[in-house]
Amino acid sequence: MSSRPPASPPAQGSRLLLLSLLLLGTVPGPRPGSAFYLPGLAPVNFCAEEKSNECKADIELFVNRLDSVESVLPYEYTAFDFCQASEGKRPSENLGQVLFGERIEPSPYKFTFNKKETCKLVCTKTYNTEKAEGKQKLDFLKKSMLLNYQHHWIVDNMPVTWCYEVEDSQKFCNPGFPIGCYITDKGHAKDACVISSEFHERDTFYIFNHVDIKIYYHVVETGSMGARLVAAKLEPKSFKHTHIDKPDCSGPAMDISNKASGEIKIAYTYSISFEEEKNIRWASRWDYILESMPHTHIQWFSIMNSLVIVLFLSGMVAMIMLRTLHKDIARYNQMDSTEDAQEEFGWKLVHGDIFRPPRKGMLLSVFLGSGTQILIMTFVTLFFACLGFLSPANRGALMTCAVVLWVLLGTPAGYVAARFYKSFGGEKWKTNVLLTSFLCPGIVFADFFIMNLILWGEGSSAAIPFGTLVAILALWFCISVPLTFIGAYFGFKKNAIEHPVRTNQIPRQIPEQSFYTKPLPGIIMGGILPFGCIFIQLFFILNSIWSHQMYYMFGFLFLVFIILVITCSEATILLCYFHLCAEDYHWQWRSFLTSGFTAVLLPDIRHTLLLLQTADHGDSKYNPVLRLYYDNGFDLLPFYRNNWLLCMLLVCYQNIQCGESGLKKPSVSS
């Protein structure tokens, strides 16, 4: 298993949330100290015997999607042949949860507060390999264990964690646990099979069909009754029960040979116990999970690295502004004669062309409007996240907030695009408004829709339901587009931006440029500096998404975001000055692309992570894109026949061939 040293200081996410709630004030009620809570984040009291609305006796366990670090495709719990709940209401999911592919469902595991259960049978699953349906379900289960798919269970809106020791006796708490593990035909233990010496048979799968659950609670010290759950931990185990009807949770591990045939029965059981925890309060119950998340000291290293770059650029900009620019202006002011005034040099030579409208001014104004919309959305979202309103406990809130803000910020986008387009001398205001409303969002939605079609074809829970797509389109067309039109109306209504100097009628000829003042090298150099400020933070964000972890260090992220904005501004000013001194007055697109090139470097990091992920498989004969899909798609799902769209997207290598019969793949054991 991979080791992760925990973060140094305790996590502050839930404490920031509590502090922000206290600042908002309290709501008057019958009991003293009753506070205001965000929807869905209020504590729930439990007691041994249910007493009306004061406390609950039954504890509900919900199951979420199953995912894997070796696959980008998550799947719903019902896609696997596990025990299903006979009854139960599926909790409602917000927009952010749906977009992130979360699918929370009721489970067949039912508990009563403070009631201990030992080796209780949930259900028994039977697979007959001689029948096509049984063999298909068993192969699907094997492949999910081979790819290390993880369960994600939820109790009282809190993940059920699997805590185990890693290097240096440090404890890591994983908010998920594997379906099972696999011993290769060479006797190599993969993933969770390293936790027990009982897993030793070659070319064999071991399924975790039993869980020992321990729930920790804290007795409420105020006037309310009952206790509050502060932690839920489990330990997955594997038992081949001697008597399936009356399991005793003893005996050897539940093994499934890769070459097994006939009838195979798997009994799923659980044990549960309760323990009072006096040192953990409800407000800080997430801390033990977050403490073993990404390393805080490396985050501070990222901040210091970024600050050094900012200080360097600030010094450069200050030197140019205070020395060079100040000297130039002072020299021009001291000129007495007309002959001296004609001896212009440097950036002063292009003062008559500096405000000449750029080529493709329509497109530039549209990009500036959309960029303003995204910039404000990012700032406000991170600000709310720092206050704790978008904590991991409030599932899907981060994405929901971002989408809603983007929709409501159509007015600034339309206003900025209209103002710049009018200053460029543009007259096609209708085209400008339509492009601002549909160009950038349309490109993103088209890419999103194509990827969603692929996920639909694969049956993944990451595929957005049709109803949600209609809702997103309704938000776009019915709210964002009208607001963009309103912003454009006010932008075109205002007078054009007045330039301090007149523009010459005849464009000045641009002299031959040196290498570093040419467009492409300047844009690349300008994009690398801001990227150096954020690449460490970006690594943690992408790693949390790829590894299905919770990202909670929004304070770090917000600080890095501010540093990024400052660095982009300073790098753009610096390079723009160099270009003007080289008598190149085409500065508008360069200024936009200089900082914008930072975004071009993001796919490079993503592809690097993908290559590293591919290298971990130890299988160099696959193209990374092909290997990624090969691990995720056709091997894992039965719905692969005649899928020509995906077949065209793949590169055919060696033993995987595209042809009339579809994709041919090796068996699970290979």
Side-chain angles (χ1 to χ4, degrees), residues 1-2 66-71 73 75 79-82 124-151 177-210 236-242 244 250-268 613-622 626-638 640 653-657 663-670:
M1 302 292 294
S2 60
L66 284 85
D67 50 40
S68 168
V69 295
E70 300 182 28
S71 171
L73 297 182
Y75 295 96
F80 298 83
D81 192 34
F82 298 130
T124 303
K125 293 293 182 179
T126 304
Y127 304 96
N128 191 343
T129 57
E130 296 177 357
K131 294 183 179 180
E133 183 180 1
K135 187 177 185 304
Q136 187 182 46
K137 290 181 178 180
L138 187 62
D139 289 343
F140 186 76
L141 195 61
K142 287 180 181 179
K143 189 58 184 179
S144 63
M145 287 187 281
L146 188 64
L147 292 177
N148 195 28
Y149 267 76
Q150 307 264 328
H151 287 281
F177 66 96
I179 297 174
C181 58
Y182 176 61
I183 303 293
T184 65
D185 52 359
K186 296 181 180 179
H188 175 66
K190 289 191 61 179
D191 302 315
C193 278
V194 300
I195 65 176
S196 176
S197 58
E198 294 183 0
F199 307 145
H200 60 272
E201 294 291 336
R202 297 190 175 191
D203 197 18
T204 302
F205 294 91
Y206 291 91
I207 187 168
F208 294 125
N209 59 335
H210 176 83
K237 295 182 178 180
S238 179
F239 292 117
K240 183 182 287 186
H241 302 287
T242 308
I244 293 181
S250 62
M254 181 64 209
D255 58 334
I256 305 174
S257 175
N258 198 23
K259 300 176 183 178
S261 60
E263 189 175 78
I264 298 174
K265 290 187 177 183
I266 302 176
Y268 291 91
Q613 181 71 19
T614 307
D616 289 341
H617 287 289
D619 202 344
S620 60
K621 61 186 177 182
Y622 293 117
L626 181 61
R627 178 69 203 185
L628 181 66
Y629 188 78
Y630 176 74
D631 275 350
N632 306 334
F634 290 121
D635 282 353
L636 194 56
L637 286 162
Y640 61 86
Y653 267 42
Q654 294 185 10
N655 63 330
I656 302 183
Q657 301 173 353
L663 286 182
K664 300 177 182 178
K665 56 189 185 306
S667 61
V668 173
S669 60
S670 60

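We count residues from 1, following the sequence as given.
- Of the possible polar contacts, none joining the Ser238 side chain to the Tyr206 backbone as a donor-acceptor pair under 3.5 Å is found.
- Here CD of Gln150 is found 11.0 Å from OG of Ser144. Values are rounded to the nearest 0.5 Å.
- Looking at Glu70 and Leu146, their side chains never come closer than 4.5 Å, going by heavy atoms from C-beta outward.
- Between the OH atom of Tyr182 and the SG atom of Cys193 there is a distance of 10.0 Å, given to the nearest 0.5 Å.
- With values rounded to the nearest 0.5 angstrom, Ile207 atom CD1 is found 9.0 Å from Leu138 atom CG.
- Remark: Lys237 NZ to Glu198 CD distance equals 10.0 Å, nearest 0.5 Å.
- Proximity of Ile179 to Leu141: side-chain heavy atoms (C-beta onward) are separated by under 4.5 Å at one or more points.
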Does His151 form a ring-ring contact (aromatic ring centres under 6.0 Å, His included) with Phe82? I'd like the steps, not just the answer. CA-CA 11 Å; His151 287 281; Phe82 298 130; 4.8 Å; yes
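- Tyr127 contributes atom OH, which lies 11.0 Å from atom CD of Glu133 (distance to the nearest 0.5 angstrom).
- Without hydrogens or angle criteria, Thr204 side chain to Ile256 main chain gives no donor-acceptor distance under 3.5 Å.
- Within the 4.5 Å cutoff, the side chain of Ile264 has heavy atoms near those of the Met254 side chain.
- To the nearest 0.5 angstrom, Asn148 atom CG is 11.0 Å from Ser71 atom OG.
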Assess the residue pair Asn209 and Lys125 against the criterion (side chain to side chain contact (heavy atoms under 4.5 Å, CB included)); give the C-alpha distance rounded to whole Å, side-chain angles, the decisive distance to 0.1 Å, and a yes or no. CA-CA 11 Å; Asn209 59 335; Lys125 293 293 182 179; over 6 Å; no
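- Asn258 contributes no side-chain N or O that, together with a main-chain N or O of Phe205, makes up a donor-acceptor pair within less than 3.5 Å.
- Here the shortest heavy-atom pairing between Cys181 and Lys190 reads CB-O, 3.7 Å.
- Although no hydrogens or angles enter the test, the distance criterion places no donor-acceptor pair under 3.5 Å between the side chain of Asp185 and the main chain of Asp203.
- Using cut-offs of 30° and 60° for the angle between ring planes, the Phe140 and Phe80 rings count as tilted.
- Ile183 is not listed as a side-chain neighbour of His200, based on a closest heavy-atom distance of 4.5 Å or more.
- Contact annotation: the side chain of Thr126 approaches that of Glu263 to within less than 4.5 Å [non-hydrogen atoms, C-beta and beyond].
- In this structure, Pro178 and Phe208 approach most closely via the heavy-atom pair O-CD1, 3.4 Å.
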